[in-house]
Amino acid sequence: MTAEVSIFEQVAAPAPRYLMRLALIEKMLDAMPRPPSKFLEIGPGMGDVSIYVAKRFPQSTGTLLDFSEESSNVLRERIRGLERLSLAVGDFMEYAVRGSYDLVIACEVMEHIEDDRAAFAKIASVLSPDGCLICSVPAFMSKWQLVDQYAGHHRRYERREVVEKLAASGLSMDRLWCYGFPITGLTYFIRQAHYRGRLRKFSGTMEQATKRSGVERPLAGVFRRLRLDRLLRPFFWVQYLARDTDLGDGFIVLARRG
């Protein structure tokens with residue numbers, strides 16, 4: 001059973017690249033073999049995706065797992081009153097997962113984990129048979145940017161690398177789409193200038209950068225007033241047409257446990 005809702009209805013902090021990613025995540029959920037009855041989101045940021053999944057699939061229950069206390073405080077407020085969503089605080093690699101899930105979501109998470117092979121393997125181990133992973137990662141080391149340094153990334157991913165690491169963990173590739181085109185190219189120099197300024201003011205550890213990246217949205221108010229999701233609709237269409245190219249700067253994956 002599904003409900004007619006939009007992924008853009010509850011976005012707390014819209015930004016161009018983020019909205020481009022959400023547009024394809026919505027389509028990835030369309031491609032799942034069945035609605036999830038139980039799902040887990042790792043590193044949910046401000047909770048937009050989990051809230052959408054819970055509203056779209058009214059029979060589902062979800063767990064949001066984050067190791068940042070600041071993110072957790074935001075999430076507690078955002079899911080208050082949504083009884084089918086629960087919050088767990090901890091590091092996924094150390095967290096004792098109980099039971100299995102029909103869907104695991106990990107958006108912009110794997111690049112923060114040094115041993116990502118172990119992380120993919122653990123994800124596979126908590127998926128139910130034929131369960132799905134929806135995962136997004138920044139793409140192409142040749143497109144390394146100041147935001148990668150600022151956010152505490154260990155890497156950007158190549159297409160072959162994603163396929164190989166998923167296969168090694170026992171997950172089979174269903175879809176591998178590139179996202180961001182053409183918006184990320186058009187906004188590249190603006191983003192570089194923005195993060196150059198922010199890097200001058202921050203000199204924390206990679207862990208601190210990771211914890212901050214989930215909730216730091218300095219331009220959120222401006223973007224909400226602009227209703228960027230409406231302005232970007234033509235770009236969502238262009239991005240979808242280019243999803244199988246390497247023109248963007250991020251990947252979104254739908255994989256299954258065989």
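For reference, positions follow the sequence shown, starting with 1.
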[X] side chain vs [Y] backbone, donor-acceptor pair below 3.5 Å:
X      : Y      : result
Arg84  : Thr61  : no
Arg243 : Leu24  : no
Glu9   : Ser6   : yes
Arg155 : Glu114 : yes
Thr187 : Ile190 : no

Is there a side-chain contact between [X] and [Y], using heavy atoms and a 4.5 Å cut-off?
X      : Y      : value
Phe92  : Ile123 : yes
Met32  : Leu103 : yes
Trp177 : Tyr240 : yes
Gln145 : Tyr150 : no
Ile42  : Ile105 : no
Tyr179 : Gln239 : yes
Asp48  : Phe8   : no
Ser72  : Leu87  : yes

Ring centres under 6.0 angstrom apart ([X], [Y]):
X      : Y      : value
Tyr101 : Phe39  : no
His112 : His153 : yes
Tyr52  : Phe57  : no

Sidechain N-carboxylate O distance under 4.0 Å for [X], [Y]:
X      : Y      : answer
Asp148 : Lys143 : no
Asp102 : Lys38  : no
Glu108 : Arg17  : yes
Glu164 : Arg160 : no
Arg34  : Asp130 : yes
Arg76  : Glu69  : yes

Closest non-hydrogen atom pair between [X] and [Y], with its separation:
X      : Y      : value
Val238 : Pro182 : CG1-CD, 3.9 Å
Arg78  : Gly47  : NH1-C, 4.1 Å
Gly45  : Ser71  : O-CB, 4.2 Å
Gly248 : Cys178 : N-SG, 3.4 Å
Gln192 : Leu146 : OE1-N, 2.9 Å

When hydrophobic residues are tied together by side-chain contacts of less than 4.5 Å, even through go-betweens, does [X] share a cluster with [Y]?
X      : Y      : result
Ile7   : Leu254 : yes
Val104 : Val89  : no
Val53  : Leu22  : yes
Val11  : Leu29  : yes
Met110 : Val97  : yes

Find the distance between [atom1] ([X]) and [atom2] ([Y]) and round it off to the nearest 0.5 Å.
X      : Y      : atom1 : atom2 : answer
Phe236 : Arg230 : CZ    : CZ    : 12.0 Å
Leu166 : Arg257 : CG    : CZ    : 14.5 Å
Ser50  : Leu85  : OG    : CG    : 6.0 Å
Glu161 : Met141 : CD    : CE    : 9.0 Å
Asp116 : His154 : CG    : NE2   : 9.0 Å
Leu40  : Ser100 : CG    : OG    : 11.0 Å

Does either side chain, that of Tyr188 or that of Asp249, offer a donor lying less than 3.5 Å from an acceptor on the other one?
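No - no donor-acceptor pair under 3.5 Å links their side chains.
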Distance under 6.0 Å and angle within 45° of the ring axis: does Arg117 meet both against Phe120?
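So Arg117 doesn't make the cation-pi contact.
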Does the side-chain contact (heavy atoms from CB on, under 4.5 Å) test come out yes or no for Ile25 and Cys107, once each step is laid out?
CA-CA 9 Å; Ile25 287 174; Cys107 294; 3.6 Å; yes
Test Gln149 against Tyr195 for side-chain contact (heavy atoms from CB on, under 4.5 Å), laying out the working first.
CA-CA 9 Å; Gln149 180 182 344; Tyr195 285 104; over 6 Å; no
Neighbour count >12 (heavy atoms, 6.0 Å) for atom CH2, Trp237
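No.
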CA sep, side-chain torsions, deciding dist, call: Arg256, Met173, side-chain contact (heavy atoms from CB on, under 4.5 Å)
CA-CA 7 Å; Arg256 301 189 199 185; Met173 182 71 66; over 6 Å; no
Determine, step by step, whether Glu41 and Thr63 satisfy the side-chain contact (heavy atoms from CB on, under 4.5 Å) criterion, reporting the C-alpha distance in whole Å, the side-chain angles of both residues, the deciding distance to 0.1 Å, and the verdict.
CA-CA 6 Å; Glu41 183 172 10; Thr63 300; over 6 Å; no
